[in-house]
Novice: 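Okay, handing you the structure first.
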Amino acid sequence: MIDEQQAVAAFAALGQENRLRIVRALVTAGPDGLSAGALAGEVGVSGTNLSFHTKELSHAGLIRSRRDGRSIIYSAAYPALSGLIEFLMRDCCQGRPEVCAPAVEALAACLCLPGETAHA
């Protein structure tokens, strides 16, 4: 379970436009991730700029990297991202489930198999 200090570090890392784009691109890419070159192209930054931003996101625990031959592959750290969402929603609703319903419905879309659609 993520604590407040970890949440602050994660939100600080996400509080920059290119870093947010990087995380969103990696979430979209799925568990296999993207090579550094493909990620830089997807986000529209130089390799040096990408390295700077991915270092910050890695330190916050939001992304991971691995070597594949001469390439670096970046991927989203799904447990950390899920923990961040759980941290935000932990005390949600206060007996009023309609308050959290939009967030729960959005997350339900993640549970579908490829080719399926979420059921409301």
Side-chain angles (χ1 to χ4, degrees):
M1 187 175 341
I2 193 169
D3 64 25
E4 189 171 286
Q5 188 174 20
Q6 292 168 314
V8 168
F11 284 120
L14 290 170
Q16 200 282 337
E17 185 177 358
N18 288 327
R19 291 184 202 139
L20 184 59
R21 286 181 182 161
I22 289 167
V23 170
R24 292 191 74 195
L26 292 175
V27 167
T28 300
D32 292 337
L34 293 170
S35 69
L39 182 57
E42 180 81 22
V43 178
V45 298
S46 69
T48 303
N49 201 346
L50 179 74
S51 179
F52 171 77
H53 291 303
T54 55
K55 182 182 80 165
E56 294 297 318
L57 292 166
S58 291
H59 283 213
L62 298 174
I63 67 170
R64 296 187 176 131
S65 63
R66 68 182 187 282
R67 282 224 174 258
D68 184 12
R70 293 175 31 191
S71 297
I72 298 175
I73 308 297
Y74 292 100
S75 58
Y78 291 100
L81 293 168
S82 295
L84 194 55
I85 293 167
E86 189 271 331
F87 174 84
L88 287 174
M89 303 300 290
R90 186 176 299 148
D91 300 317
C92 184
C93 301
Q94 298 297 314
R96 296 179 50 212
E98 73 277 5
V99 173
C100 296
V104 171
E105 289 172 12
L107 290 173
C110 295
L111 302 176
C112 295
L113 296 173
E116 290 185 349
T117 57
H119 301 283

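This is a predicted model, so every value here is computed, not measured.
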Novice: Donor-acceptor pairs under 3.5 Å, side chain of residues 54-62 to any protein atom, not counting sequence neighbours: which ones?
Specialist:
from	atom 1	to	atom 2	distance (Å)
Thr54	OG1	Leu50	O	3.0
Thr54	OG1	Ser51	O	3.2
Thr54	OG1	Tyr74	OH	3.3
Ser58	OG	Thr54	O	3.0

Novice: Calculate, to the nearest 0.5 Å, the distance between atoms NE2 and CD1 belonging to His53 and Ile22 respectively.
Specialist: 6.0 Å
Novice: Kindly give the heavy-atom pair with the smallest separation between Tyr78 and Leu26, and that separation in Å.
Specialist: OH-O, 3.5 Å
Novice: Hydrophobic clustering (ILVMFWY, side-chain heavy atoms < 4.5 Å, transitive) - are Val8 and Ile63 grouped together?
Specialist: no
Novice: Pairs in or reaching into residues 2-25: which pass salt bridge (Lys or Arg N to Asp or Glu O under 4.0 Å), with residues at least two apart or in two chains?
Specialist: Glu17-Arg21
Novice: Considering all heavy atoms of both residues, which atom of Ala29 and which atom of Leu34 are nearest to each other, and what is their separation?
Specialist: CB-CG, 3.6 Å
Novice: Taking only residues two or more places apart in sequence, or in another chain, which ones meet Ser35 in a side-chain contact (heavy atoms from CB on, under 4.5 Å)?
Specialist: Ala38, Ile73
Novice: Does any pair with a residue in residues 76-88 pass salt bridge (Lys or Arg N to Asp or Glu O under 4.0 Å), and if so which ones, sequence neighbours excluded?
Specialist: Glu86-Arg90
Novice: For residues Leu81 and Phe11: do they belong to one hydrophobic cluster (side chain heavy atoms under 4.5 Å, members Ile, Leu, Val, Met, Phe, Trp, Tyr)?
Specialist: yes
Novice: Which atom pair, heavy atoms only, marks the closest approach of Pro31 to Arg66?
Specialist: O-NH1, 4.5 Å
Novice: For the CD atom on Gln6, are there more than 12 heavy atoms of other groups (residues, nucleotides or ligands in this structure) within a distance under 6.0 Å?
Specialist: yes
Novice: Please give me the minimum heavy-atom distance between Gly83 and Ile2, naming the atom from each residue.
Specialist: O-CG2, 2.9 Å
Novice: Could I get the full list of side-chain contact (heavy atoms from CB on, under 4.5 Å) partners for Arg67, not counting sequence neighbours?
Specialist: Ile72
Novice: Would you name the heavy atoms of Leu14 and Leu20 that are closest together and state the gap between them?
Specialist: O-CB, 3.8 Å
Novice: Any pair with a residue in residues 71-83 that passes salt bridge (Lys or Arg N to Asp or Glu O under 4.0 Å), sequence neighbours left out, goes on the list, sorted by first then second residue, please.
Specialist: none
